[in-house]
Colleague: 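Sharing a structure here in structure tokens format.
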Amino acid sequence: MDLDWKNLGFNILKTDYNIRSVFRDGKWGELEVSSEDTFPMHIGATCLHYGQESFEGLKAYTGADGKIRLFRHDENARRMIQSARGILMAEVPVELFMEAVEKVVMLNKRFIPPHGSGASLYIRPLLIGTGPEVGVRPASEYTFLVFVMPVGPYFKTGFKPVDMMICRDHDRAAPQGTGHLKVGGNYAASMCSIQDAHEKGFATAMYLDAKEKKYIDECGPANFFGIRNNTYVTPKSESILNSITNRSLQTLAESFGMKVEVRPVPLEELADFEEAGACGTAAVITPIHRIVDPVKDLSYTFGNADNPGPVTSRLYETLVGIQTGDLEDPYGWTKILD
Ligand SMILES: *Cc1c(COP(=O)(O)O)cnc(C)c1O
């Protein structure tokens, strides 16, 4: 494939195949390969009206050995089951999820960026209610589909710290809502605040807990972590998503001899962190230089504007090294496809 791998963005790009399975009459059908990127749907499908939708995001990489690697896709499968349970959709069995992901990656092999390009193949599994209902009740038919596209290096200008803005006039999730599920509704609820942050020159919005506005929740679509006193600190909250990247970084921090604390993180504690970052599949780690709280006229600064701190850099390089196969994977996180 002759793509300009280094200059790819994070955009929809048509690849050869996607893969689908339909849940009907109480069971999942065979996986079907398709080269169409549209499909007909009943106008009453519950995903269109009542938000019965959940998605996942993960990546495949080419190693120096030319082999294709997936990172912890069993964890994405388990998380999609949690999301399905949370909004009463049919659950995609772990085996079906993993098989679909592995198949669709190999079918689109020519779109997987080469080792060393910094680019990767982004994989988007989707589970939607496609059965029609006009009353508010769960659909009886669901579609699970997986599509892929090559995406560029997240940091085109290098691994550079960004500024974020604390959002006080919107919440992305309610205390006992769906914040812990990877569902589209949370994303709809976050659009205004993320756009507002962008318009004010910030990389994204940072959310506080919706109930008391005392604790840190998440940074846009990524978890937050701070580093202080050789300790990796990350929020515990009912309304944030259980990030696989975050859990992996916790394991790595422990392997570096650091302490890990998963607990409510009061906003004022930002003043004590030596380093801070946001983590998720898309960027792995987005180092944070400054967090501004415009309503309170406060700001918190970490390290310098040009370079991420030493712990953030080490965490990033180690995790990316494992994902691409440049470093040994002592945890069994990667699966080589052949
Ligand atoms: C997907 C997502 C993350 C990151 O999760 P990973 O498993 O690390 O990709 C964080 N927060 C939200 C709200 C998300 O949707």
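Just follow the structure's listing: the first ligand is 1, and inside any ligand the first atom is 1. Only a predicted model underlies this, so the values are computations on that prediction, with no experimental measurement involved.
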Colleague: If I apply the N/O under 3.5 Å rule, does Gly220 come out as touching ligand 1?
Modeller: no
Colleague: Between Thr245 and ligand 1, which part of the residue brings a heavy atom under 4.0 Å of the ligand: side chain, backbone, both or neither?
Modeller: both
Colleague: Could you measure the distance from the NZ atom of Lys160 to the OG1 atom of Thr286? Nearest 0.5 Å is fine.
Modeller: 14.0 Å
Colleague: Work out whether the distance between some heavy atom of Arg79 and some atom of ligand 1 is less than 4.0 Å.
Modeller: yes
Colleague: Does either side chain, that of Arg172 or that of Ser193, offer a donor lying less than 3.5 Å from an acceptor on the other one?
Modeller: no
Colleague: Regarding His115 and Asp326, is there a side-chain donor-to-acceptor distance under 3.5 Å anywhere?
Modeller: yes
Colleague: Counting non-hydrogen protein atoms only, what is the nearest one to atom 11 (N) of ligand 1? Give residue, atom name and distance.
Modeller: Glu218 OE1, 2.5 Å
Colleague: If the cut-off is 4.0 Å to any non-hydrogen atom of Ala222, which atoms of ligand 1 fall inside it?
Modeller: 10 (C), 11 (N)
Colleague: Hey, which atoms in ligand 1 end up nearer than 4.0 Å to a heavy atom of Thr281?
Modeller: 6 (P), 8 (O), 9 (O)
Colleague: Where's the contact between Arg172 and ligand 1, heavy-atom distance under 4.0 Å: side chain, backbone, both or neither?
Modeller: side chain
Colleague: Any side-chain heavy atom of Glu275 sitting closer than 4.5 Å to one from Phe225?
Modeller: no
Colleague: Within the distance-only criterion (no hydrogens, no angle test), does the side chain of Thr324 pair as donor or acceptor with the backbone N or O of Val320 below 3.5 angstrom?
Modeller: yes
Colleague: Looking only at the aromatic ring of each residue, does the gap between the centers of Phe97 and Phe144 stay below 6.0 angstrom?
Modeller: yes
Colleague: Tell me, which protein residue and heavy-atom name are nearest atom 14 (C) of ligand 1, and how many Å apart are they?
Modeller: Lys182 NZ, 3.0 Å
Colleague: Is a salt bridge present between Arg79 and Glu56, judged by a nitrogen-to-oxygen distance below 4.0 Å?
Modeller: yes
Colleague: Taking the six-membered ring for Trp and the full ring for Phe, Tyr or His, determine whether the centres of Phe147 and Tyr17 are under 6.0 Å apart.
Modeller: no
Colleague: At what distance is the nearest protein heavy atom to atom 3 (C) of ligand 1, and which residue and atom is it?
Modeller: Pro221 O, 3.4 Å
Colleague: Distance to 0.1 Å, residue and atom name: give those for the protein heavy atom nearest to atom 15 (O) of ligand 1.
Modeller: Tyr187 OH, 2.5 Å
Colleague: Mind checking whether Arg247 has a heavy atom under 4.0 Å from ligand 1?
Modeller: no
